[in-house]
Amino acid sequence: MSDTPVVTRFAPSPTGFLHIGGARTAFFNWLYARGRGGRFMLRIEDTDRARSTPEATDAILDGLAWLGLDWDGEPISQFERASRHAEVAKTMLENGTAYRCYSTPEEIETFRETARREGQAALFQSPWRDANPATAPDAPCVVRLKAPQTGVIRVNDKIRKKVEWRAGTLDDLVLLRSDGTPTYMLAAVVDDHDMGVSHVIRGDDHLINAGRQSLIYRAMDWALPVFAHIPLIHGEDGKKLSKRHGALGIMDYLAMGYTAATMRNYLARLGWSHGNDELFTTEQAKDWFDFPGIGKAPARLDFKKLDNVGLFHIARSDDAELMEEIAAYLVQIKEPALDAETAAKLQAALPIAKNGARKLPDILEKAYFATGTRPFEADEKAAEKLNSVSVRVLNELTAALQHANFNKEDLEAVVADFAAQKGIKLGQIAQPLRAVLSGRSVAPSVFDMMAHLGQEESIARLNDAVTRGR
RNA sequence: GCUCCCUUCGUCUAUCGGUCAGGACGCCAGAUUUUCAAUCUGGAAAGACGGGUUCGAUUCCCGUAGGGAGUACCA
């Protein structure tokens, strides 16, 4: 282990929302830095002026914020550093590792077509590479990297290990466009260098770029960062993620009701593992995360597994935290916020309602008995449990409840005794009881609900049903 | 086309030459049971294929197939 401080970065291009793959890349970078007392930085790669928008930048920041991935310092705009990039290109021009190329787009296209037709690699070979500068026309030009034509280009990757390209299979990439703006290849290298980035953790789709970019590092005589190219995430059908798969954006998961802690755990396990550990906290992930645990093959999204992870995390979330998650969830699905009274009722019922919930809406559903108000109208399924017989039984139960202590244990005993006396099964009482207490067929334990509601409210709901049943 | 990468149960994965190939989700069966769940017990389920190397390969090497990425004055 080197003693240089760890600096990682997430460098999205602001052309859309933060997608699930990008979120995981950001998370891995965050984990690596945070687990080692390093810095995690954010750089917005907005050199493509036509496609970059401030809205997309905001959306990405929102996504990271929701996931709880905090970054150090201010996000860096790559575009604003254009003059520094041009300066580096100029240095390369001066030290002979780059050249001006006056070929027009049409000429390049013709070259490629010919090459392709002849079955050759379609890498453009500029006639200006070794041309005498004196013969240069007074025309717009790009600045190209002078890629080596002999030997091999080798990159050491933490995950792929040694990756090599034969010189000549990497082209003379454009560093500066004809309008003087930098391309991604140049800008990314210069920024990573200037920001002191020690570890570049990014998607597998950049593996070849590591080879290309290493040439720029060498041209400038800069130390290379540690590269780690992580496998991509595929859709449930194993194909590349696309619109067809839905749930592409990280915020779509909030809209479905998954909590941030759930997503962090699930995302961490997609492509990374720590022995047989499946369910863990973000703190543990920070301690454990390292390159040897990262796999090589792309992973697929599995919502069933995600649900299961949610079960674990909701159960262990603290109530105040869950209330915040629920508020964010409601905003995301464009539902009105909870009023103070309902919120208070919900929070009080959380210890009961979060039991067995995988997603936020599950909690809301189970908490309805506490957030709703009398009289409770039984929904269709609940109504099936109510008939003249069951209502009569409930009426009799009410009497038994008059003298009960309203805690779970005593209530269980009282109701069990009552059932024994009547010679009926517990279920024959519990189900209609659930219907009158919550108006639903899906709700927490009837004893939990009564203990939570208290004697007065519980009996009032029983009486509502009895009155209506007459 | 060319360059590079990848390949263990349906899915996520463990294994770092010798294991009855382990775990998790899901699935199936059973238990529990006041609903949906949850919980508990048990079960089926995998090394893409073909060659090597080796006393011995899932593990190392080569090839094939399949998948992916790149091949832009996009990032």
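In this text the structure is predicted, and so the values were computed from the model without any measurement. Computed over heavy atoms, backbone and side chain alike; hydrogens, waters and symmetry mates excluded. Residue numbers start from 1 in every chain, and the chains themselves are labelled A, B, ... in the order their sequence lines are given, proteins ahead of strands.
For the P atoms, the distance linking B:rC60 with B:rC16 amounts to 12 Å, nearest Å. Comparing the C1' positions of B:rC49 and B:rG23 gives an interatomic distance of 28 Å, to the nearest angstrom.
Across all strands, A:K385 comes closer than 4.0 Å to no nucleic acid atom at all (heavy-atom distances). A:P231 comes within 4.0 angstrom of nothing in the nucleic acid, heavy atoms only. Nucleic acid contact class of A:A299 (heavy atoms, under 4.0 Å, all strands): sugar-phosphate only. As judged by a 4.0 angstrom heavy-atom cut-off over every strand, A:Y266 is placed among residues making no nucleic acid contact. Within the nucleic acid shown, A:P444 comes within 4.0 Å of at least one base atom, counting heavy atoms only. Counting any heavy atom pair closer than 4.0 Å across all strands shown, A:V174 reaches sugar-phosphate atoms only and no base atom. Among the protein residues, A:L173 comes within range of no part of the nucleic acid, since none of its heavy atoms lies under 4.0 Å from any strand. Among the heavy atoms of the strands, none lies under 4.0 Å from A:D362. Residue contacts for A:H229: at a heavy-atom cut-off of 4.0 Å it reaches no nucleic acid atom on any strand shown.
In this structure, A:I294 places its CD1 atom 17 Å from C1' of B:rC16, rounding to the nearest Å. For the pair A:L175 CG and B:rA72 P, the computed distance is 15 Å after rounding to whole Å. Per the geometry, CZ belonging to A:R51 stands 14 Å off P belonging to B:rC73, to the nearest Å. Atom-to-atom, CD1 of A:I230 to C1' of B:rC4 comes out at 18 Å; the value is rounded to the nearest Å. If you measure from atom CD1 of A:I208 to atom C1' of B:rU71, you get 7 Å, rounded to the nearest angstrom. Here the P atom of nucleotide B:rC36 and the CD1 atom of A:I314 are 20 Å apart, to the nearest Å. Summarising the geometry, the separation between NZ on A:K381 and C1' on B:rA37 is reported as 13 Å, rounded to the nearest angstrom. Remark: C1' of B:rA37 and CD1 of A:I352 are 15 Å apart, rounded to the nearest angstrom.
Sorted by residue number, the members of residues 431-442 of chain A with any non-hydrogen atom under 4.0 Å from RNA chain B read A:Q431, A:R434, A:S441, A:V442. Taken residue by residue, residues 139-154 of chain A places heavy atoms nearer than 4.0 Å to RNA chain B at A:V142, A:R144.
Base-pair partner of B:rC60: B:rG52 (Watson-Crick or G-U wobble, both distances under 3.5 Å). Of all nucleotides present, none satisfies the Watson-Crick or G-U wobble test against B:rC16 with each distance under 3.5 Å. Across all strands shown, nothing is found opposite B:rA44 as a Watson-Crick or G-U wobble partner with both distances under 3.5 Å. Under the Watson-Crick or G-U wobble criterion, with both distances below 3.5 Å, B:rG26 has no partner in any strand shown. Here B:rU33 sits opposite no nucleotide as a Watson-Crick or G-U wobble pair (both hydrogen-bonding atom distances under 3.5 Å). Pairing of B:rG66, defined by two Watson-Crick or G-U wobble distances under 3.5 Å, is identified with B:rC6.
A salt bridge links A:K408 and A:D448; the closest N-O separation between the charged side-chain nitrogens and carboxylate oxygens is under 4.0 Å. At a threshold of 4.0 Å, the pair A:E113-A:R116 does not count as salt-bridged, since none of the basic side-chain nitrogens sits closer than that to a carboxylate oxygen. For A:D191 and A:R9, the salt-bridge test fails: no basic side-chain N is under 4.0 Å from an acidic carboxylate O.
Each of A:S178 and A:L170 was assigned the nucleotide of RNA chain B with the nearest heavy atom; the assignment lying further toward the 5' end belongs to A:L170. The residue among A:G271 and A:T169 whose nearest nucleotide of RNA chain B lies closer to the 5′ end is A:T169.
At least one side-chain heavy atom of A:L18 sits under 4.5 Å from a side-chain heavy atom of A:F10.
For A:E87, the salt bridge (Lys or Arg N to Asp or Glu O under 4.0 Å) partners two or more places apart in sequence, or in a different chain, are A:R84. Residues that satisfy the salt bridge (Lys or Arg N to Asp or Glu O under 4.0 Å) test with A:E409, not counting sequence neighbours, are absent from this structure. A:E107 meets the side-chain contact (heavy atoms from CB on, under 4.5 Å) test with A:S103, A:T104; sequence neighbours excluded. Applying the side-chain contact (heavy atoms from CB on, under 4.5 Å) rule to A:F418 yields the partners A:V393, A:E396, A:L397, A:A400, A:K422, A:I429; only residues at least two apart in sequence or on another chain are considered. With sequence neighbours excluded, the residues forming a salt bridge (Lys or Arg N to Asp or Glu O under 4.0 Å) with A:K90 are A:E94, listed by chain and number. For A:A451, the side-chain contact (heavy atoms from CB on, under 4.5 Å) partners are A:L411, not counting sequence neighbours. Partners of A:R160 by salt bridge (Lys or Arg N to Asp or Glu O under 4.0 Å), not counting sequence neighbours, listed by chain and number: A:D204.
A:Y266 contributes a side-chain N or O that, together with a main-chain N or O of A:D302, makes up a donor-acceptor pair within less than 3.5 Å. Between the A:N265 side chain and the A:F280 main chain, a donor and an acceptor come within less than 3.5 Å of each other.
Nearest approach of A:R264 to A:T282, heavy atoms of both residues: NE-OG1, 2.7 Å.
Under the 30°/60° scheme for interplanar angles, the aromatic rings of A:F28 and A:F289 are found to be tilted. A perpendicular orientation is assigned to the rings of A:F369 and A:H452, their planes being inclined by more than 60° (bins at 30° and 60°). Aromatic ring orientation, A:Y253 versus A:F303: parallel (interplanar angle below 30°, classes split at 30° and 60°). Between A:H199 and A:F291, the two ring planes are parallel [angle under 30°; tilted spans 30° to 60°].
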Restricting both atoms to N or O, compile the protein contacts to nucleotides 5-9 of chain B shorter than 3.5 Å, with distance only.
from	atom 1	to	atom 2	distance (Å)
B:rC5	O2'	A:R160	NH1	3.0

For nucleotides 40-49 of chain B, give me every protein contact, N/O to N/O, under 3.5 Å, one pair per line with atom names.
none

Between the protein and nucleotides 23-30 of chain B, list the N/O to N/O atom pairs that are separated by less than 3.5 angstrom.
from	atom 1	to	atom 2	distance (Å)
B:rG23	N2	A:E278	OE2	2.5
B:rA24	N3	A:K305	NZ	3.0
B:rC25	O2'	A:K304	O	3.4
B:rC25	O2'	A:K305	N	3.2

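Checked by atom type, the side-chain pair A:N395/A:R392 shows no donor-acceptor distance below 3.5 Å.
When distances are taken from the side chain of A:R112 to each of B:rC36, B:rU34, B:rC73, the shortest belongs to B:rC73.
Between A:T47 and B:rA75 there is a side-chain N or O to OP1 or OP2 distance below 4.0 Å. Between A:S273 and B:rA14, a side-chain N or O to OP1/OP2 separation shorter than 4.0 Å is present.
Ring stacking is absent between A:H234 and B:rG67, as the pair misses the limits of under 5.5 Å between centres and under 30 degrees between planes.
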